[in-house]
Amino acid sequence: MTHRTPTETDLAAAHEAVLTWFDAHARDLPWRAPGTSAWAVLVSEIMSQQTPVARVAPRWRDWMARWPAPSDLAAAPTAEVLRAWDSLGYPRRALRLKDSAAVIASEHGDQVPCDEQTLRALPGIGAYTAAAVAAFACGQRTTVLDVNIRRVLARAFDGHAHPKGALTKSETAWAAQFVPAGPDAPGARHVAWNAGVMELGALVCTSRSPRCEVCPLAKQCRWLAAGRPAGDDPARRPKTQAWHGTDRQLRGAIMAVLKAAEAPVARELLTASATEFDPESDPWFDPGFAAGTVEAAILRVRELGDGQRIGRLVDALIADGLAAESGGRLHLPH
DNA sequence: AAGCCGGGGAT
DNA sequence: ATCCCAGGCTT
C-alpha cells in the first residue's frame, strides 16, 4: 500500500487550516485544562480507548479526585477500582491501569515517563496511547494515530473513505510527515496538530456522516474532490461483534451483579443453589437479565463448551477483587 | 492477520 | 438491528 506524498504548499495550508479550526472549535474536555498532571492525562487516554470521550469525563473526574497519583491507585483495592470504572467497558483496562500505576510508582518515582518506548512497556499502553501521552502530557513531537487521525489523513491526502486494515509501519511513517516540526513544548504546533486532527475526525470528518461543508480541509481533500466515493466493500471491514447471547454479555452480567452487590449479598448470590434455574429458558439471553440470577449465569458457564476460557477470563477480572469481598467463595468451573 | 475484550448512544 | 467509539493483547 503506497501513499500519496503532499507538497510543501499543501502541508503548510493543512497546518494553518487545522490549527486555526482547532483553536476555535476544540471541545472543553476536562483533561485539557491547564495544570492537568501527566498521570491524569494517561488515565484519560486509557479510559478513552474504544470509548466515546463524552462518556469518559464524569468517571475521569471522580477517578482523579479519588486517586490523584499513581501510587494512590496502586494501593487501592481491586474491587473498588472495578467499581469506579463503572460501565466504561473493557474492565481489564482498569486492571492494567492499576498495574501500570504500580510500575510507575515503584520504578519511575511516581512520575509518568515521557519516553515513548518506556510508556509502551507499561501494561495496557500500545502505540496510540504511548504517542498520545508523550504528546499531550509531555509536549513531545510524536505521530499520534487513532481511528480519527487515520481516517482524516486517509480521506484528505489519500482519497480513501476509510484507512485500510490494521495500522502498518509504512502508514505510520507516511503519517509522520504531516506532523509539524518544532521544539518540544506543551503548546507546540505538533501537539496542536495531533490534537486538532483527532478532534476534526471526532467532530467533522466522522466515519458515517462527515460534515464536509464545514471542514477546514475541504478545499484540499482528495476524497471530497473525488465525490466522496464509498469505501471498499463492507465485507472487507470487520463485522461488528455479536452481543446478545454471547460470552461477553454473560460476563458483563456477572460483573454487574458483583459490582452492585454488597459483600454479604454477593456471598449469598454466589453460593446459592441453582435448583430453580430452568435451562430451557436461557434467562441470560434476555436483555433484561437482572441481578439475582447470577447463579443461573454461573450454571450456564458450566454448560458452555468453552467454559474454560470464560472461567479464566471472569476469574482474571474478579478473582482478587470482587470475589474476595464475597468471602472468596466464587469458584467458576474450569 | 484475525479474534477477542464492554457498553451505550446514534442511525 | 447495525454501526461506532482518543485500542491493546494474544494467537
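Lettering follows sequence order; numbering is per chain, from 1.
Here the P atom of nucleotide dG7(C) and the CG atom of Leu119(A) are 17 Å apart, to the nearest Å. Residue Leu88(A) contributes atom CG, which lies 10 Å from atom P of dG8(B) at whole-angstrom precision. Atom CD of Gln50(A) and atom C1' of dC4(C) are 9 Å apart (whole Å). In this structure, the CG atom of Leu95(A) is 13 Å from the P atom of dC9(C), given to the nearest Å. Going from atom CD of Gln49(A) over to atom C1' of dG7(C) covers 5 Å, rounded to whole Å. Distance CG (Leu82(A)) to C1' (dG6(B)): 13 Å, rounded to an integer number of Å. Between the P atom of dG6(B) and the CZ atom of Arg93(A) lies a distance of 10 Å, rounded to the nearest Å. Rounded to a whole Å, the CG atom of Leu42(A) is 18 Å from the P atom of dA6(C).
At distances below 3.5 Å, not a single donor-acceptor pair connects side-chain atoms of Asp158(A) with backbone N or O atoms of His160(A). Judged purely by atom type and a 3.5 angstrom limit, Arg32(A) uses its side chain to pair as donor or acceptor with the backbone of Arg27(A). Between the side chain of Asp99(A) and the backbone N or O of Pro123(A) there is no donor-acceptor pair closer than 3.5 Å.
Sequence order on DNA chain C of the closest nucleotides to Arg96(A) and Arg32(A) puts Arg32(A) first from the 5' end. Toward the 5′ end of DNA chain C lies the nearest nucleotide of Thr206(A), the other residue of the pair Thr206(A) and Ala130(A) mapping further downstream. Where Arg59(A) and Ser209(A) each meet DNA chain B at their nearest nucleotide, the meeting point lying more 5' is that of Arg59(A). If Thr51(A) and Ala166(A) are placed on DNA chain B by their nearest nucleotide, the residue sitting closer to the 5' end is Ala166(A).
Listed nucleotides: dG8(B), dC5(C), dA6(C). Nearest to the side chain of Val53(A): dA6(C). Here the side chain of Arg120(A) is nearest to one of dC9(C), dG6(B), dG8(C), namely dC9(C). When distances run from any side-chain atom of Arg151(A) to the nucleotides dC5(C), dA6(C), dG7(B), the shortest one goes to dC5(C).
A salt bridge links Glu80(A) with Arg66(A): at least one charged nitrogen is closer than 4.0 Å to a carboxylate oxygen. Ion pairing of Arg59(A) with Asp86(A) is present here, as a side-chain N (NZ or NE/NH1/NH2) and a carboxylate O approach within less than 4.0 Å.
Leu29(A) comes within contact range of at least one nucleobase, with a heavy-atom separation under 4.0 Å. Among the protein residues, Ile149(A) comes within range of no part of the nucleic acid, since none of its heavy atoms lies under 4.0 Å from any strand. When heavy atoms are screened at a 4.0 angstrom cut-off, Ser44(A) is found touching no nucleic acid atom at all. If you check every strand for non-hydrogen atoms under 4.0 Å, Val56(A) touches nothing. Backbone-only contact: Ala127(A) has heavy atoms under 4.0 Å from sugar-phosphate atoms and none from a base. Here Gly89(A) lies in heavy-atom contact (under 4.0 Å) with a base. Arg55(A) comes within contact range of at least one nucleobase, with a heavy-atom separation under 4.0 Å.
dG8(B) sits 24 Å from dC9(C) when the P atoms are compared, rounded to a whole Å. Between dC5(C) and dA1(B), the distance separating the two C1' atoms is 22 Å to the nearest Å. dT11(C) and dG6(B) have their P atoms separated by 16 Å, with the value rounded to a whole Å. Comparing the same atom, P, in dA6(C) and in dC5(B) gives a spacing of 22 Å after rounding to whole Å.
Close to dC5(C), at under 4.0 Å from its OP1 or OP2, lies no side-chain N or O of Ser48(A).
Residues Thr142(A) and Glu116(A) have side chains that never bring a donor and an acceptor to within less than 3.5 angstrom of each other.
Under 3.5 Å, the side chain of Arg208(A) and the base of dC4(C) form no donor-acceptor pair of N or O atoms.
At a threshold of 4.5 Å between non-hydrogen side-chain atoms, the residues Leu97(A) and Trp63(A) count as touching.
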